[in-house]
Amino acid sequence: MTAPAPHLEALTASHLDAVLAIEQAAQAHPWTRGHFASALAAGNCLLGLMAGERLLGYLVAMPGVQEAHLLNLAVAPESQGQGLAGVLLRALALWARGQGAACVWLEARASNERALRAYRRCGFTQAGLRRGYYPGANNQREDAIVMRLDL
């Protein structure tokens, strides 16, 4: 039996258990259920990449005035390395264009080379640096690389 073809789907509160499972497995400093619930309540974009009923990865993005901001993106650890982050990023660009955005912004941990490579492959370029933006280990802070994708 072949696996179902991946498809994109708008996520709802009914998906939060699956989102949280990936978030906790994939992120060093995971969002809480409350963060995702607030994003849904605010009308932000929560988009999932599904294989049948199984969530492979997701993104959370916020529309702005002629721009969009990627707030969170994760791929299930067992599904990483298959280009799924790129699928989600291309979907983000399409969604952002549909919102009238001219660009997409994001921040990424300076130490997250895998994510930075994925963003660069999808056309994002470094636009700045936010010093001490993220919580880090041992009560330290970590810099964020600010990236932009012009649409």
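Keep in mind it's a predicted model, so treat the numbers as computed, not measured. Scope of the values below: all heavy atoms of this structure, side chains included, with no hydrogens, waters or symmetry mates.
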Throw together a table of side-chain donor-acceptor distances under 3.5 angstrom for residues 95-108, partners on residues two or more places apart or in other chains.
from: W105; atom 1: NE1; to: E67; atom 2: OE1; distance (Å): 3.1
from: E107; atom 1: OE1; to: H69; atom 2: NE2; distance (Å): 2.9
from: E107; atom 1: OE2; to: H69; atom 2: NE2; distance (Å): 3.4
from: E107; atom 1: OE2; to: R130; atom 2: NE; distance (Å): 3.3
from: E107; atom 1: OE2; to: R130; atom 2: NH2; distance (Å): 3.2

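- The salt bridge (Lys or Arg N to Asp or Glu O under 4.0 Å) analysis of residues 26-55, with sequence neighbours excluded, yields the pairs D17-R33.
- Counting only residues at least two apart or on different chains, no salt bridge (Lys or Arg N to Asp or Glu O under 4.0 Å) pair has a member in residues 79-95.
- With sequence neighbours left out, the side-chain contact (heavy atoms from CB on, under 4.5 Å) criterion links L84 to L49, L56, V75, S79, Q82.
- Counting only residues at least two apart or on different chains, the side-chain hydrogen bond (donor to acceptor under 3.5 Å, both in side chains) pairs with a member in residues 114-126 are Q80-R114.
- The side-chain hydrogen bond (donor to acceptor under 3.5 Å, both in side chains) search around N72 returns E23, Q27, not counting sequence neighbours.
- The hydrophobic side chain of V65 is isolated, with no ILVMFWY side chain under 4.5 Å apart from it.
- Identified under the ring pair (Phe, Tyr, Trp, His ring centres under 6.0 Å) test for residues 130-151, with sequence neighbours left out: none.
- Under the side-chain contact (heavy atoms from CB on, under 4.5 Å) criterion, S111 pairs with R109, E142, sequence neighbours left out.
- Scored by the side-chain hydrogen bond (donor to acceptor under 3.5 Å, both in side chains) test, H29 finds no partners at all (sequence neighbours excluded).
- Residues passing the side-chain contact (heavy atoms from CB on, under 4.5 Å) test with S14 are T12, sequence neighbours excluded.
- Apart from L94 itself, the hydrophobic cluster it occupies contains nothing, where clustering links Ile, Leu, Val, Met, Phe, Trp and Tyr at side-chain heavy-atom distances under 4.5 Å.
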